[in-house]
S.K.: 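Attaching a single structure in structure tokens format; questions to follow.
Throughout, protein chains are lettered first and strands after them, A, B, ... in sequence-line order, and every chain is numbered starting at 1.
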Amino acid sequence: MLTIQFIRDNRDTVIERLKIKNFKQPELIDRIISRDDERRSLQVQTNGLQAELNQLSKEIGILFKKGEKDKANEVKNRTTVIKNELETFERELQEATEELKEMLVQVPNLPHPSVPEGNSEADNRIIREGGIMPNLHENAIPHWELGTKYNLIDFDLGVKITGGGFPVFRGKGAKLQRALITYFLDQNTGAGYEELLPPLMVNEASGFGTGQLPDKEGQMYHVTGDNLYLIPTSEIPVTNIYRDVILKAADLPIKNTAYTPCFRREAGSYGKDVRGLNRVHQFDKVEIVQIQHPSASYNALEEMVNHVEQLVINLGLPYRIVQLCGGDLSFTSALTYDFEVYAAAQKKWLEVSSVSNFESYQANRLKLRYREPEEKRPQLAHTLNGSALALPRIVAAILENNQTPEGIMVPEVLHPYTGFDFI
RNA sequence: GGAGGAAUGGCAGAGUGGUCGAAUGCGGCGGUCUUGAAAACCGUUGUCCGCGCGAGUGGACCGGGGGUUCGAAUCCCUCUUCCUCCGCCA
């Protein structure tokens, strides 16, 4: 979330920039500022009464020690009055603080100045395109049919044992998954990212820290018995490692990578674009996360984009990089680049990575800070993350684009990992 | 799952109702000394929210939340986590 201080100091800018994000309640900004005014005044009054009470309590202690019991009791009577008064102020102060936070949490991150205006995908800006479009033979088929034909993916089995959107990979299909995961992790660690293997379930505090809670609750599987959430992305456990942490400026940047399965309910997305691996409830993803100094975060974002681009290039997939417009940008992001690869049989662009700079928005929720060597006060760090990469759609594109009448060619970089070059 | 014990500042560790944000040690930072370093000595060293032009100053925080009390690190309730033992188990 944005800090209250920032909102107070930049009211007009905040309102103006949030327009690009289609923020629907600009009046909330003024409500926040006036509620904060109230909060401050309540705090002044509360603190004053508390100071008085503290002073009297000390006096009582001293009087009792001296044995002046009567005098002590007299002072005690005075405290009763203050306590009653204080109770009201404390309650109101607490209410104001809580309401303020509830309102702050509803304000999305400000988009970066370069973010184009727009309401939907159609307004996203294509930054770069690359790779070569494949020429498929006449009888080319989409990946869900290839998966069945070559016994790589069994969608029906997944339905049987769990439900729709939980495919079973088998044989060379399973091995291809493992190869991609290992390949991505190797490339990421080679680029200086420390490999992590985090928990797949997180608590509420973690969900709040990265911005999934309280609003996007419906997107996550909730383990009600223990009040835990299955992660929709390893961004949550990895970034939350640094929750409530004050780093030294010299510790920055921190670069982590993690492979995890991801779980998404995808409520309300039935119908279009859900065939095969295009949209599933459980999938594998390798993520990269950076904790950055604010002055370096946009360079880091470019670096991450270049890194992810190289992965896609190495796999030989036609791709494009788009910058999300204001309306398509997520609640917490300031700037996001999406990677899409072309799946030639279904003739569709599939999103395989989303690389974002959250600036200090998550950091403020997380209380993730760093300190400059000579500075007393810690500053909020910047957080960034991106998929490197999400597997199912990569697999879909590889299967579809590399199919020949004789079988499917495995990208060369994967051969050491798969142990086979043809399916 | 059952029975006990514990949680204090960066770390270790005192503190069981009163001027305690908290002894002491270590670590960190600054200084003295030294050609330099070490040692020794001296000083300093948490976070957050306010008020004040400023020098300053008020409040909160001893795992989280609630309670008792004029006053809580200290007493009570509750949750979480860790340790020991028993049971179960990959």
S.K.: For Leu56(A), report the nucleic acid contact type (base, sugar-phosphate, nothing); a contact means any heavy atom under 4.0 Å.
M.R.: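 Counting heavy atoms under 4.0 Å across all strands, no contact is made by Leu56(A).
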S.K.: Report yes if some heavy atom in the side chain of Met304(A) is under 4.5 Å from a heavy atom in the side chain of Lys255(A); otherwise report no.
M.R.: no
S.K.: In dot-bracket notation, what is the pairing pattern of RNA chain B, taking Watson-Crick (N1-N3 plus N6-O4 or O6-N4) and G-U wobble (N1-O2 and O6-N3) contacts under 3.5 Å, with [ ] crossing and | for other strands?
M.R.: ((((((((.[[[..)..(.....]]]((((((.......))))))((((((....)))))).[[[[[..)....]]]]])))))))....
S.K.: If you count every heavy atom of other residues, nucleotides or ligands that lies below 6.0 Å from Ile313(A) atom CD1, does the total exceed 12?
M.R.: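 Atom CD1 in Ile313(A) is packed in, count exceeds 12.
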S.K.: What contact category does Ile82(A) fall into here, base, sugar-phosphate, or nothing, at under 4.0 angstrom with non-hydrogen atoms?
M.R.: nothing
S.K.: Quick one: salt bridge (charged side-chain N to carboxylate O under 4.0 Å, His left out) partners of Arg11(A), sequence neighbours excluded?
M.R.: Asp30(A)
S.K.: Report yes if some heavy atom in the side chain of Arg369(A) is under 4.5 Å from a heavy atom in the side chain of Gln379(A); otherwise report no.
M.R.: no
S.K.: If every non-hydrogen atom of Cys325(A) is compared with every non-hydrogen atom of Val115(A), which pair is closest and at what distance?
M.R.: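 What the structure gives for the nearest pair is C-CG1, 3.8 Å.
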S.K.: With the sugar-phosphate defined as primed atoms, P, OP1 and OP2, and the base as all remaining atoms, what B/S/- string results for nucleotides 50-59 of chain B, 5' to 3', for protein heavy atoms under 4.0 Å?
M.R.: SS------BS
S.K.: Pick one: which of His307(A), Glu195(A), Glu287(A) meets side-chain hydrogen bond (donor to acceptor under 3.5 Å, both in side chains) with Asn188(A)?
M.R.: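 Single pass found, and it is His307(A).
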S.K.: Filter on side-chain hydrogen bond (donor to acceptor under 3.5 Å, both in side chains), then keep only pairs touching residues 163-183 of chain A, sequence neighbours left out; what's left?
M.R.: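 Passing the test, one end in residues 163-183 of chain A: Tyr183(A)-Asn314(A).
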S.K.: Are the charged groups of Asp37(A) and Arg8(A) less than 4.0 angstrom apart, N to O?
M.R.: yes
S.K.: Check for a donor-acceptor pair, side chain of Asn385(A) on one end and backbone N or O of Val289(A) on the other, with a separation under 3.5 Å.
M.R.: no
S.K.: Would Leu2(A) and Leu110(A) count as a side chain to side chain contact (heavy atoms under 4.5 Å, CB included) here? Give the steps.
M.R.: CA-CA 8 Å; Leu2(A) 301 175; Leu110(A) 296 192; 4.2 Å; yes
S.K.: Find every protein N or O atom lying less than 3.5 Å from an N or O atom of nucleotides 71-75 of chain B, and list the pairs.
M.R.:
from: rG71(B); atom 1: OP1; to: Lys83(A); atom 2: NZ; distance (Å): 3.0
from: rG71(B); atom 1: OP2; to: Lys83(A); atom 2: NZ; distance (Å): 3.2
from: rG71(B); atom 1: O4'; to: Ser57(A); atom 2: OG; distance (Å): 3.3

S.K.: For nucleotides 44-48 of chain B, which of its nitrogen or oxygen atoms have a protein nitrogen or oxygen under 3.5 Å away, and what is each distance?
M.R.:
from: rU47(B); atom 1: OP1; to: Arg371(A); atom 2: NH1; distance (Å): 2.5
from: rU47(B); atom 1: OP1; to: Arg371(A); atom 2: NH2; distance (Å): 3.2
from: rU47(B); atom 1: O3'; to: Arg369(A); atom 2: NH1; distance (Å): 3.1
from: rC48(B); atom 1: OP1; to: Arg369(A); atom 2: NH1; distance (Å): 2.7

S.K.: Between Gln94(A) and Phe64(A), which is nearer to the 5' end of RNA chain B once each is assigned its nearest nucleotide?
M.R.: Phe64(A)
